[in-house]
Every structure is written in C-alpha cells, then in structure tokens.
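Heads up: the structure comes next, in structure tokens.
One is the number of the first residue; the rest follow in order along the sequence. Counting starts at 1 for both ligands and their atoms, following the listed order.
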Amino acid sequence: MIEMNQNFQKLPGNYLFATIARKVREFAAEHPDKDLIRLGIGDVTRPLAPAVIKAMQAAVLEMGDEKTFHGYGPDFGYDFLVNAIAENDFASRGVTIDTDEIFVSDGCKSDSGNIGDIFAVNNYVAVCDPVYPVYVDTNVMAGRAGEYDPETGLWSNFFYLKCEEKNGFIPQVPAITPGEKTPDLIYLCFPNNPSGAAIGYDGLKSWVEYAQKTGAIILYDAAYEAFISEDLPHSIFEIPGAKECAIELRSFSKTAGFTGVRCGYTVIPRQLVRDGIHVRDLWARRQATKFNGVSYITQRAAAAIYTLEGKTQTKATIAAYMENARILREGLAAMGYQVSGGVNAPYIWMKTPGGMTSWEFFDYLLNEANVVGTPGSGFGPCGEGYFRLTAFGSKEASEEALRRIALLPR
Ligand code: PLP
C-alpha cells in the first residue's frame, strides 16, 4: 500500500501568519471604521524600478519575434545574468566567483528548502532561534528534525543556536567538546530575519573557522545584504576559507522588489568538497533534473538591476525603506522602547514592554493602536518577549504607526 511521507504529519500548523491573518480579519470585521497599519508581513510595497520594467518590456517583445524568441534557457542561468552577478555582487567586493558556481533560481525560499536534497537525511542540522521558519520546516519534511515538543517549541534533533540580547542577537560559535557531536549543516542568515541583526567580519570568520574545524557546511542566507549600511561582509565568501565550507543563497526579492517576479541565486564554490564529492556538481545535477530555469524575461529583469540606471533606482528604493527603519527605530527608542535592528536590515526587533508576551503585545498593539506587527515568539522560543516591525510600509504608515504607539498609556 502507498505510504505517505509521514514527516509532513509532524509539522505543527503554520500558526504564525495564519493566526495573525485571523486576528486582523476579526478585528477589521468588528471595527470597519478603523484604519489598520500593517507592518507585519515582510513583503515589499514599492514598484519595480523603471530600468527593470524597461528590460522586461524589451524581453517580452523579443519573445514575440521568431528571430529573438527564447525557449528553454540554460539550466543555471543566462550568461548575461551570471556574468553580471559575478562582476557586481562578488568581484566588486574582491571575491572571485566563477560563473559556473552560480545557479540562478526562482528565489531563496526554494533554494534554501531544496538544498537539503543533496544532503543525507542523517546530517545533524543547526538552526538559529529565532529563525526564518523555512529552514526548520524543510528539514522536518526531509526527516532530519526528530520530534517536536509543543511544550518547548523545539525539535529533538536540531542543534539550536540561541540568538539573545546579550550577544546582540548573533549566534555564538559552539564549543567543540571531544566526543560530542557537532552540527553538519549550519543555517546562518545575515542580515537577519527576524531580528535585523547583522554580523561583522570577525564574527563571520569565527563561524568559517568553526566549519573548517568540524567539517560542517554553512548555508548562508544573504537575502538582505543589499540593506547593509555599515562596514560588514555582504557575502560569506569575503571571509578567507569560506569557499571550502559554505554555500550562499541570494535573492532579488527584497533587493529589487522581486517578491512577485521571482528570481534569486545560489553560489556553490568548486572548492566545497565533502565525501570526495564536489557539492556544486550535486546541486547542478539536482537543478538540471528538477528545475527548468527562470524565464528569459525575468532574467533580463534581474540583469537590469546591475545597469547604472538599475543600481541607482534600486538603491533609492532601499534607501526609502531604510528611512522608514530609521524613523521606527529612533522613534521607538525615543519613547523608551528597547529596539535593535533597522540599521543593516529592514526589520526592527523590539522588546515587548512591561513583560508582555509577544502575542499579548500583538493584541495590545492591534486593539489600542491598530498597528499590526509580528510576534517574535512565532520565529522560535527565543523570540518570546520580542516583536518584529518591518520597514516595508510607506513613510506615512511608519510615521503614523509611531504617532499611535506614542499615544499608548505606558
Ligand atoms: N530568506 C529569508 C531570510 C527571508 O526572510 C525570505 C523572505 O522573506 C526569503 C529567504 C525568501 O526569499 P525569496 O523571495 O527569494 O524566496
């Protein structure tokens, strides 16, 4: 008889965004006159850059002409895009990445979920707490997570890297104890969703050194690198030795408003070898078999981000979001809230006031200020007592949210 993948049954429901949506729906139904400000979901709101639109329109016209029509494209991305990526995202920062180490995809969520295909089920996985839930759920589906404990909100087979206030929400490199198991796959995300924390050169170097010592592979999600404003690494490959122990995931979603267009890429250097196997070659095989590439029109759109015009326009959009982040961060801090993030990431991570739980604060803010955010506890137990606001709203919405929060009794 057919057997289903029972690992899926282990997944607790995706309560976070479903519960937020239900609460917001109920509130809106009860208070149709209230104007809600939504700073919860991490989706962008500003339109695509004109340079991107122009490139897409030109690509559409090409597709309508027999002489310039494109059918199936190269499995891992057109030369015009991988060359632009290698040049602009890496060579410009002193990192040499060969074009055949770059795999263009439909985004970082798919890649961070699918990358598990090339690793054995019995690998020991380390995730941060709080965490972008995709790393957790996809490893649950694959059978690497063990059992879920609803009391603690933790999985029995994961190695948790706590991200706490005392360490600036940066996970600390674990001690290596002889005879004790060390993680094989380590998911790191900087700048971080949800905490907005960003890692420096030394911090990232210590992770690379740890992976080199233990043989682990770091899966480095740099989806928010474009938001970095300080002198910090944009790529893990800026750290010497990282090519032997890391895979990097990138996305155009937040960089250029591609959440609805869908494009990103993964970098796997040739030097990354485990079990005598070039990890890159396995991913190439996996992608060539299961993925048929990103549309020509989308790749032309992505390449347009790297033109002079495209760079200027996308930078302006990011600057507008980061101005919202500044407004929220400084405004909340001035009111006495404890806030972090929002400097190198579009997320503000605030401590809930008066010892409220994340959900208590969610309800309070929804009911009293009509502002929607995301409870930190939804990202993991260490997120309890924290709350995430995004900078992806409009400037007016960010200012109005602050004005309303300022009126709350404290
Ligand atoms: N990685 C992180 C940390 C994210 O926060 C997100 C989206 O919110 C993604 C990846 C998804 O990126 P994409 O839209 O490219 O799938």
> What do you reckon, does C189 put a non-hydrogen atom under 4.0 Å from ligand 1?
Replying inline: yes
Going by distance alone, is a donor N or O of one side chain under 3.5 Å from an acceptor N or O of the other, for [X] and [Y]?
X	Y	result
Y187	N139	yes
K162	N167	no
D89	Y265	yes

>> Once you restrict to heavy atoms under 4.0 Å, what part of S253 touches ligand 1? Side chain, backbone, both or neither.
In response: side chain
> Is it the side chain, the backbone, both or neither of Y224 that has a heavy atom closer than 4.0 Å to ligand 1?
Replying inline: side chain
> Going by heavy atoms in the side chains, are D363 and K23 under 4.5 Å from each other?
Replying inline: yes
> Relative to the heavy atoms of K254, which atoms of ligand 1 are at a distance of less than 4.0 Å?
Replying inline: 7 (C), 8 (O)
> What are the atoms of ligand 1, with element, lying closer than 4.0 Å to any heavy atom of S251?
Replying inline: 12 (O), 13 (P), 15 (O)
When only distance counts, is [X] in polar contact with ligand 1, meaning an N/O pair under 3.5 Å?
X	result
Y135	no
K109	yes
T259	no

> What is the nearest protein non-hydrogen atom to atom 12 (O) of ligand 1, stated with its residue, atom name and distance?
Replying inline: C108 CB, 3.6 Å
> What's the shortest distance from atom 11 (C) of ligand 1 to any protein heavy atom, and which residue and atom give it?
Replying inline: Y132 OH, 3.3 Å
> In terms of the angle between their ring planes, are H70 and Y296 parallel, tilted or perpendicular, with boundaries placed at 30° and 60°?
Replying inline: parallel
> Taking 4.0 angstrom as the limit, do D184 and R144 come out as a salt bridge?
Replying inline: no
> Are E101 and R280 ion-paired here, with the side-chain N under 4.0 Å from a carboxylate O?
Replying inline: no
> Among T255, D221, V134, which residue places a heavy atom closest to atom 3 (C) of ligand 1?
Replying inline: D221
